[in-house]
Every structure is written in structure tokens, then in C-alpha cells.
Amino acid sequence: MENKRNTSKEIIALLVEKFPACFSIEGPAKPLKVGIFQDLAEQLAEDETVSKTRLRQALRHYTSSWRYLKSVKVGSHRVDLLGEQVAEIDQEQADYAAKTLKESQEKFGNKNTKAKSEGQKNSAKTGQAPKNKGVADKKQKFKNVKSTKRVAKKPQEPVNLTPIDSSTVKEGAKVKVKFGNAPMDAVITEVDGNDVHVQLQSGMVIKTQVENIFS
């Protein structure tokens with residue numbers, strides 16, 4: 001019996017091997033069909049080295065990568081496991097992917113800033129000047145100039161949402177999920193008690209609760 005594939009890296013490598021027209025590790029990524037998790041679960045049902053939980057985690061890791069999010073843009077197409085185009089990316093999906101990418105990059109940038117700050121504190125203690133201080137100062141000035149040019153966005157009008165009937169919470173159901181400030185279209189991929197896994201139009205799979213699901 002083969003060993004279980006426990007890391008997302010191992011499972012993604014398997015997906016690239018089995019479905020090369022759909023998944024890739026290098027170069028431009030292809031946006032994935034909404035609901036592709038179910039297709040993968042069926043295709044890998046007899047593969048004892050991959051659990052559904054690990055598969056879902058790997059898929060979430062793949063669709064959250066910067067390389068993937070950059071591929072979700074207007075005019076590009078979602079593909080199935082055979083690499084066949086099944087749906088075109090619309091403006092809403094492209095905007096969401098761009099927003100997710102920006103937030104991820106900003107979060108990564110904040111981590112780097114914190115690390116630099118710690119480095120500067122350590123340098124101050126040892127009496128050494130931090131490296132690339134002049135470059136960092138220039139970047140900060142540039143960011144400050146850009147921030148002053150931003151135009152305030154108009155507040156979004158509230159959307160009336162109807163709580164979903166618990167009897168309709170099942171795999172494959174198309175719903176709206178409260179994610180951040182705006183509801184997003186999604187498809188339920190798994191129901192585990194009060195926990196519901198849904199796939200957003202960007203291809204990202206998230207876990208939420210029944211109270212955040214609407215019809």
C-alpha cells in the first residue's frame with residue numbers, strides 16, 4: 001500500500017501528473033471549472049493515498065496562489081480536467097480575484113515590513129545601520145504619494161439576503177455566501193453538520209457556517 005500524500009505540494013504534483021491539461025506547477029495557470037472538486041473526488045475515489053480533506057486543502061492552496069489569481073481575468077476561460085474550456089471569466093469574477101490577490105500581496109508585504117522593523121531594532125542594539133534603508137525610505141515616500149491620490153469609493157448599497165432553508169443545504173446547491181462586506185455566488189461542495197464548504201466563482205474553496213449561507 002502506498003503512503004498517504006499528506007502535503008498540498010504532494011497532491012498538487014499528483015494532479016499535475018494525472019491532469020496536465022488542467023493543472024500546472026510553472027508558467028501561467030488555467031482558471032478551474034466551478035465544482036471541479038467533485039470531479040476530482042470522483043476521479044480519485046479509488047486512490048487511497050489521497051483523502052478528500054487533503055484534496056480540498058490542496059485545491060484551496062492551488063487556487064489561492066498569486067500565479068492562479070493572476071490567471072482569473074476577463075476574457076480567459078475556466079477549464080475542466082481535460083483542459084476543455086467550459087465558461088468565460090466575467091468582470092465580477094475577475095474583480096474578486098484581483099481583490100484577493102491585492103489583499104494577499106499586502107498581507108505578505110506587511111509581514112516583510114514587520115521583519116524589517118525587527119531587523120532595524122536589532123541593528124540599533126548592535127549599533128549597525130540597517131541595510132537598504134535609503135531604498136526603503138524611497139519606497140515609503142512613493143507609497144505615501146500614491147495614497148494621497150486615491151479616490152474614496154462609494155459605499156455599496158446593502159443587499160437583501162434570504163436565509164437558506166436548511167433542507168436545501170446540500171452538495172451542488174448554488175447559493176450566496178456572506179464573505180466580507182459583500183455576498184458572493186458559490187456552490188456547496190460539502191456539508192458537515194453546521195460547517196459548510198463552498199466554492200466561490202474564483203475557484204477558491206472556503207469553510208463557513210450555515211448561518212452565512214443564503215438563497
Closest heavy-atom pair, Arg67 versus Glu26, reported as atoms and distance to 0.1 Å, is NH1-O, 3.6 Å
Under the salt bridge (Lys or Arg N to Asp or Glu O under 4.0 Å) rule, collect the residues that match up with Asp39, sequence neighbours excluded. Lys33
Identify the two heavy atoms, one from Leu32 and one from Cys22, that lie closest to each other, and give their separation to 0.1 Å. CD2-SG, 3.4 Å
Report the distance from atom CD1 of Ile36 to atom CG of Leu81, rounding to the nearest 0.5 Å. 4.5 Å
Side-chain H-bond candidate by donor/acceptor type, Arg60 with Ser8, under 3.5 Å: no
Report yes or no: do Leu40 and Val86 belong to one cluster of Ile/Leu/Val/Met/Phe/Trp/Tyr joined by side chain heavy-atom distances under 4.5 Å? no
What pair of heavy atoms forms the shortest contact from Leu69 to Ala97, and how long is it? O-CB, 3.8 Å
Using a 4.5 Å cut-off on heavy atoms from C-beta on, say whether the side chain of Thr162 contacts that of Phe214. no
Which atom names give the shortest non-hydrogen contact between Gln93 and Glu88, and what distance separates them? OE1-O, 4.4 Å
Pro31 side chain near Ser71 side chain, heavy-atom distance below 4.5 Å: yes
Hey, quick one: are Tyr96 and Val74 part of the same hydrophobic cluster, counting side-chain heavy atoms closer than 4.5 Å, chains of contacts allowed? no
Answer yes if Val79 and Val34 sit in the same cluster of Ile, Leu, Val, Met, Phe, Trp and Tyr residues linked by side chain heavy atoms under 4.5 Å apart, and no otherwise. no
Can you find a pair of side-chain heavy atoms, one from Phe19 and one from Asp80, that are under 4.5 Å apart? no
Would you mind reporting whether Leu101 and Val72 have side-chain heavy atoms less than 4.5 Å apart? no
Spacing of Asp95 atom CG and Ile89 atom CD1 [to the nearest 0.5 Å]: 11.5 Å
If I take atom OG1 from residue Thr208 and atom CE from residue Met184, how far apart are they, to the nearest 0.5 angstrom? 13.0 Å
For Lys99, the side-chain contact (heavy atoms from CB on, under 4.5 Å) test, sequence neighbours excluded, returns Glu103
Kindly write out the residues that satisfy ring pair (Phe, Tyr, Trp, His ring centres under 6.0 Å) with Phe37, not counting sequence neighbours, or none if the list is empty. none
What's the spacing between Glu10 CD and Thr49 OG1 if we round to 0.5 Å? 9.0 Å
Please check this pair: side chain of Arg54 against backbone of Thr7, looking for a donor-acceptor N/O pair closer than 3.5 Å. no
Is there a side-chain contact between Ile11 and His61, using heavy atoms and a 4.5 Å cut-off? no
Measuring from Ser64:OG to Leu59:CG, what's the distance to the nearest 0.5 Å? 9.0 Å
Quick one: does Ser65's side chain have a donor or acceptor within less than 3.5 Å of a partner on Tyr62's backbone? yes
Looking at Lys52 and Ala41, what are the two nearest heavy atoms and their distance? CE-CB, 4.1 Å
Report yes if the side chains of Leu44 and Lys18 come closer than 4.5 Å at any heavy-atom pair, otherwise no. yes
